[in-house]
Amino acid sequence: MSSRFPTKLVVPAAAVLFAGCNWNPHTSARPSEQPNQTGVIGSALDPGVDHSLVTTDPRAAAYYNNADAVNTGKRLFDQYNCSGCHSNGGGGMGPDLMDDVWIYGGRLEQIHQTLVEGRPNGMPSWGGKVPDQQLWQISAYVRSLSLPQTLAAQTDNTPGQNPAPLPPEVDQDAGWSPPPATTNDYTSTTKGPD
Amino acid sequence: MRTAALILSFFPAAAFAQTIPSPVPENEVFKREDIGHALSRPTPDAGHTAASTANAPEDDGQWTMPSKNYASTRFSGLTEITTENVKSLKPDFSFSLAVNKGQEAAPIVADNTLYVVTAYPNIVYALDLTKPGAPLKWSFAPKPAPAAQGIACCDVVNRGGSVDHGKYIFNTLDGQTIAVDVKTGKPLWRTQLGDINRGETITMAPTVAQGRVFVGDSGGEMGVHGWVAALDENTGKLIWRGYSTGTDAQVLIGADFKPHYAGDQGKNLGVTSWPPQAWQIGGGAAWGWLTFDAELNSLYTGIGNPGPWNHEQRPGDNKWTAGIFSRDPASGSARWFYQYSPHDEHDYDGVNEQILLDMPFAGKMQKVLVHIDRNGYLYVIERNTGTVLSADPYGPVNTSRGIDLQTGRPIINEEKQTKLGVTVRNICPTASGAKDWNPSSFSPQTGLIYIPHENMCMDWMSAEVNYIAGTPYVGAQVHMKPGPGGNRGQLTAWDPVQRRPAWALKENFPIWSGTVVTAGDVVFYGTMDGWFKAVNARTGDLLWRYKVDSGVIGQPISYRGPDGHQYVAVLSGVGGWSGAVVSGPVDPRDGTAALGMVNVMSDLPKYTTAGGTLYVFSLPH
């Protein structure tokens with residue numbers, strides 16, 4: 001396996017790159033990293049290496065295969081007014097959460113990171129304001145909304161009412177977005193009027 | 001791959017998407033003749049209905065404010081385009097706005113320059129009409145805070161600016177009012193009025209009069225403390241701000257306040273008609289039309305819905321929401337108030353346009369304003385006193401059985417009151433109203449008001465909601481549906497004197513554009529599937545149509561170009577509340593998405609894509 005840059009060279013290059021924003025690889029966490037976690041990737045583009053850096057947040061594991069997490073997450077999703085913007089997954093003031101488009105990454109730990117940090121185009125930051133366990137539960141519900149199993153359980157025009165627990169394999173190919181076929185791509189093709 | 005195929009096989013393709021629910025049955029709504037009321041029978045012989053003269057000067061061929069004039073007639077006196085020749089209308093030039101969100105603004109024409117403000121990020125363009133192809137004179141990017149997008153209830157729209165005394169004055173989504181020098185495109189002043197961390201945005205078009213700029217906020221779905229403000233036109237300095245709820249001092253209610261109806265008389269009703277503290281987060285945003293009246297020196301301010309939508313969290317009349325103030329433009333001091341929907345239970349904002357007319361009523365000419373409310377009634381209100389002269393349904397109504405003209409209050413139909421945890425079905429009109437913000441026009445030649453509106457109803461279940469500053473404060477699951485007949489939109493030509501439609505035409509989609517009517521007896525409007533249309537003002541017959549790049553929800557205008565010819569201009573660019581299923585990242589499988597609107601609009605992505613273009617039309621010459 002070859003890399004365009006020897007690994008040794010990557011760190012100084014990165015240090016120069018980030019100098020303008022006071023980032024020091026020797027003393028600081030990556031900008032996207034949270035205390036007591038190894039961090040999740042911030043971009044699908046990771047210059048200087050031949051594959052995306054993969055990190056796995058060990059705290060995520062407890063929320064897979066966890067029916068209680070998605071059901072509690074569903075309740076919290078209403079209680080913290082997430083549904084005010086994202087409806088029952090279809091969106092409105094905020095983007096929809098039930099298709100295969102993920103602006104900031106669609107794996108469980110990435111969704112959690114988005115909740116913690118907020119995002120610049122209108123997503124509030126909830127880190128420190130809501131117990132972290134609840135943020136994981138909400139993240140699990142959000143990850144479940146686009147599962148084919150959850151969508152199959154939709155019985156009327158209100159989706160997300162019977163969220164399936166997350167099979168661990170849905171996020172196994174750690175990367176920018178969930179692996180193919182673990183989310184639903186319904187919106188790819190739109191037929192014109194009859 | 002095997003696993004993947006297995007998982008996918010469970011998914012029923014397109015199970016719930018793009019199936020438009022059945023229309024509400026005809027017998028679910030009341031008949032107009034049964035629930036319309038007036039203080040007098042029609043007396044058309046008492047005079048000719050016309051725009052309030054002092055508020056509608058003779059047409060100079062320009063279009064300097066979205067409403068055309070203070071009377072808000074949106075009537076063009078130009079006569080070159082007629083019912084006979086409009087079939088030859090051709091696009092003259094177009095201009096990409098470079099923003100593919102809902103474009104609700106009116107183009108503005110002053111001194112042979114055309115000005116447009118886009119949806120967020122609220123870029124202003126000035127185009128030189130004296131040169132071929134109308135090249136750009138300047139553009140101005142105000143760079144509003146991106147986070148404002150996350151607290152805008154219904155797409156990131158902007159309803160336009162005005163030109164006055166060498167300034168183009170407009171608002172930004174993140175709560176600023178900005179005056180730009182029309183010659184240079186440089187800002188002369190910018191004033192921060194709203195706070196996004198309190199859920200405040202601004203989407204409305206400011207009204208400029210007497211050296212003052214009148215502005216109101218958006219955020220009725222975010223628990224804001226709604227207000228109207230007046231700024232000094234030369235400096236941007238705040239002159240006054242009147243809140244929609246709170247103490248009389250906050251609301252600017254003093255000795256001058258003389259409301260007509262008993263229910264609006266009393267001390268501090270903006271506090272006492274709410275549970276403790278609820279008024280502080282009770283909405284009452286003034287995000288629609290503020291109308292200046294030069295004849296009576298008044299400012300009429302429409303006030304939006306109370307929050308949250310779950311009305312059981314706010315027992316009381318919820319003054320001063322879902323109604324209209326008449327204020328002294330200089331001090332903001334309130335003169336009268338009328339509440340269209342006391343204790344609103346259906347999101348019936350009172351922010352739609354006010355058209356100022358001189359009209360025969362009860363045997364004499366009266367100074368009235370015509371307001372076409374979300375709650376389904378067209379009100380004719382005497383402007384000195386705030387007395388309702390008549391109130392008639394112009395769309396499907398079953399939430400009330402008419403307006404009691406003694407008390408001014410709707411006669412509530414208990415069957416359609418919304419409830420916690422219970423789905424109440426077939427409520428008409430829907431939350432966005434029998435008509436939303438998009439303004440009507442009035443022709444003094446026909447005496448008719450051309451109302452672009454909706455024919456939609458809804459199912460509603462209220463839910464408990466917590467207030468968290470900067471997040472939605474709604475508390476309702478809504479599923480909208482077509483009204484009786486199934487056509488979701490309608491253009492109604494209304495005779496305010498006879499209190500009945502002269503004609504009406506149906507549209508598949510709700511009409512979310514404004515209308516303009518011309519002295520050639522042509523009415524222009526656009527549809528959400530992208531047709532820009534001209535119809536006969538006397539008959540409603542379709543005379544011409546042109547397919548633009550995206551659905552139309554903007555406000556068409558007509559002006560005289562430097563060459564002396566008549567032009568018609570409109571923005572395309574679908575979006576807004578009704579078009580969010582196209583312009584926003586919204587999934588049509590969720591009927592509750594976009595506050596329940598997607599349930600009735602899930603087929604729109606089949607008909608149009610997002611866009612944003614200025615189109616200008618003229619006859620061949």
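Just so it is clear: chains get the letters A, B, ... in the order the sequence lines come, proteins before strands, and each one is counted from 1.
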Distance col, row B/Thr201:OG1 vs A/Met93:CE, nearest 0.5 angstrom, shows 9.5 Å
Heaviest contributor of heavy-atom pairs below 4.5 Å to chain A, chosen from B/Pro21, B/Pro472, B/Ala145, B/Cys153, is B/Pro472
Under 4.5 Å to a heavy atom of chain A? For B/Gln477 that would be side chain
Ordered numerically, the heavy-atom neighbours of chain B under 4.5 Å found in residues 71-81 of chain A are A/Gln79, A/Tyr80, A/Asn81
- Let me see the working for B/His479 and A/Thr158 under side chain to side chain contact (heavy atoms under 4.5 Å, CB included), right down to the final yes or no. CA-CA 9 Å; B/His479 291 90; A/Thr158 307; 2.8 Å; yes
Honestly, the part of B/Val586 sitting under 4.5 Å from a heavy atom of chain A is both
Heavy-atom nearest pair, A/Gly91 first then B/Ala593, reads O-CB, 3.1 Å
Rounded to the nearest 0.5 angstrom, the CG-CG distance for B/Asp587 and A/Asn88 is 11.5 Å
Does B/Lys419, at its NZ atom, have more than 12 non-hydrogen atoms belonging to other residues, nucleotides or ligands within less than 6.0 Å?
yes
Bottom line for B/Met222: the part with an atom under 4.5 Å from chain A's heavy atoms is side chain
Ranked by heavy-atom pairs below 4.5 Å to chain A, first place among B/Asn466, B/Leu595, B/Val474 goes to B/Asn466
Rounded to the nearest 0.5 Å, the CD1 atom of B/Ile468 sits from the CH2 atom of A/Trp126 at a distance of 4.5 Å
One option among A/Asp194, A/Asp96, A/Leu97 has the most heavy-atom pairs under 4.5 Å with chain B, and it is A/Asp96
Go through A/Asn184 and B/Arg589 one step at a time and tell me if the side-chain hydrogen bond (donor to acceptor under 3.5 Å, both in side chains) criterion holds. CA-CA 12 Å; A/Asn184 174 259; B/Arg589 289 171 296 183; 2.4 Å; yes
Step through the shown structure and confirm whether more than 12 heavy atoms of other residues, nucleotides or ligands are within 6.0 Å of CZ on A/Arg119.
-> yes
In this structure, OH of B/Tyr120 is separated from CG of A/Asn121 (nearest 0.5 Å) by 6.0 Å
Turns out that what part of A/Met123 lies under 4.5 Å from chain B's heavy atoms comes down to neither
Pair count under 4.5 Å, heavy atoms only, with chain A: among B/Ala463, B/Pro146, B/Cys154, highest is B/Pro146
When the 4.5 angstrom heavy-atom criterion is applied to B/Asn599 and chain A, the contacting part is side chain
* Got a sec: does the NZ of B/Lys506 have more than 12 other heavy atoms crowding it under 6.0 Å? -> no
Between A/Cys85 and B/Gly150 the two heavy atoms that sit nearest each other are SG-O, 3.9 Å
Under 4.5 Å to a heavy atom of chain B? For A/Pro193 that would be both
| For B/Asp590 and A/Ser87, does a side-chain donor sit closer than 3.5 Å to a side-chain acceptor? | no
So, the part of B/Ala152 with a heavy atom under 4.5 Å from chain A: the answer is backbone
